[in-house]
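Inspection log for the structure reproduced underneath, given as structure tokens.
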Amino acid sequence: MRKVREMPTNCAAAGCAATYNKHINVSFHRFPLDPQRRKEWIRLVRRKNFVPGKHTFLCSKHFEASCFDLTGQTRRLKMDAVPTIFDFCTQLKPMKPKSRNLPKKNSCIPTEPSDTKSNVSCQQVLLEHSYAFRSPIEAKKRIIQLEKEIASLRRKMKNCLQKERRATRRWFKITCLVKSLEANNILPRGTSEHILPGALNDLTLQNFKILIQDQQDQT
């Protein structure tokens, strides 16, 4: 018999009316199994005698945008994510998350949890954190754009290398011509010493012919 997956019906946060609807861009996330992180979530929810069950969920409205991993097909929470956005009564003192019990790496906990009136919208958070994508489709478009840029740079690099090889072949041919004219007494002896760099002037005429032939073979 096929096991039916339990779907979230509502959010466990006090005062939150969010319910599961596949047509609404709100995701639901189970309480973590890790004892320390689970205890921290329960503390931040601030419900008296609250004990989350196997099918107890919190919706994505209670997490900062930086707490989500949007690289895959589904929106997932990072390992160190904790809920910090709640609509508590104004007379209650907001609680600060305990950072000592949480993993130190890539912590996404803000220093002070915001009230409802001061909560930053998802769009503003995404603007501040430009590395986060709103959806996998947007991430895929960015990847395609970067691949096109890489292909364009590779073509430019290939053209530069071809220009460099052509210039090198011309320089070898000119040097070979000067040395040939000098060897046939058409140009005065020592002409190559004045117009050629020292490294090239030390090479013999036969070596230049070999270099030119090698360039042609490579082409």
Side-chain angles (χ1 to χ4, degrees), residues 1-140:
M1 182 176 179
R2 185 178 180 181
K3 185 178 179 181
V4 180
R5 182 183 178 186
E6 183 72 18
M7 300 302 293
T9 56
N10 52 22
C11 180
C16 182
T19 58
Y20 176 75
N21 189 334
K22 64 180 180 179
H23 301 294
I24 299 177
N25 188 24
V26 177
S27 57
F28 286 77
H29 307 275
R30 298 179 189 271
F31 276 69
L33 298 177
D34 179 72
Q36 291 185 347
R37 292 185 61 228
R38 188 181 185 87
K39 184 178 180 180
E40 181 69 5
W41 279 38
I42 296 173
R43 189 185 71 86
L44 293 171
V45 170
R46 297 173 64 183
R47 289 179 56 182
K48 188 176 181 180
N49 299 326
F50 174 65
V51 179
K54 182 179 179 181
H55 304 298
T56 305
F57 300 84
L58 284 180
C59 70
S60 55
K61 295 180 180 180
H62 305 292
F63 298 88
E64 299 286 345
S66 57
C67 292
F68 292 100
D69 181 3
L70 305 177
T71 57
Q73 296 295 327
T74 59
R75 178 164 51 188
R76 296 174 297 175
L77 285 175
K78 296 181 180 179
M79 292 298 298
D80 56 355
V82 293
T84 55
I85 304 174
F86 294 98
D87 186 11
F88 297 126
C89 297
T90 56
Q91 65 267 21
L92 295 177
K93 184 179 180 181
M95 300 177 65
K96 296 181 180 180
K98 296 180 181 178
S99 59
R100 64 175 180 272
N101 293 329
L102 299 177
K104 296 181 179 180
K105 184 178 180 181
N106 296 331
S107 177
C108 65
I109 307 173
T111 55
E112 293 183 357
S114 305
D115 293 334
T116 304
K117 294 182 180 180
S118 62
N119 285 338
V120 183
S121 65
C122 292
Q123 184 176 3
Q124 291 174 332
V125 173
L126 288 172
L127 290 176
E128 294 176 1
H129 303 275
S130 57
Y131 53 81
F133 295 101
R134 295 179 178 85
S135 65
I137 297 177
E138 184 177 350
K140 185 176 181 180

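Positions are given from 1, in the same order as the sequence printed here.
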Pair D69 + K78, salt bridge at N-O below 4.0 Å
no
Taking every non-hydrogen atom, the tightest pair across T56 and G53
OG1-N, 2.7 Å
Locate the shortest heavy-atom distance separating F28 from C11; write the atom from each residue and the value.
CE2-N, 3.8 Å
Side chains of R30 and H55: does their closest heavy-atom pair fall under 4.5 Å?
yes
Smallest separation among heavy atoms of V82 and C67, with atom names
O-SG, 4.3 Å
Close side-chain approach of C59 and C16, heavy atoms under 4.5 Å
yes
Any side-chain donor near an acceptor of the partner, S60 and H62, under 3.5 Å
no
Is there a side-chain contact between V26 and K61 in this structure, where contact means two heavy atoms from C-beta onward sitting under 4.5 Å apart?
yes
Nearest heavy atoms of L44 and F86, plus distance in Å:
O-CE1, 3.6 Å
Give a yes or no answer on whether the side chain of R47 reaches the backbone of A12 with a donor-acceptor pair at less than 3.5 Å.
yes
Whether R38 side chain and L33 backbone form a donor-acceptor pair below 3.5 Å:
no
With a 4.5 Å heavy-atom cut-off, do P52 and I42 have their side chains touching?
yes
Side-chain heavy atoms of L58 within contact of V45, under 4.5 Å
yes
Does NZ or CZ of R75 fall inside the cone over F68's six-membered ring, less than 6.0 Å from its centre and within 45° of the axis?
yes
Relative to each other, are the rings of W41 and F63 parallel, tilted or perpendicular (30° and 60° limits)?
tilted
Lys/Arg-Asp/Glu bridge criterion (N-O < 4.0 Å) met for E40, R37:
no
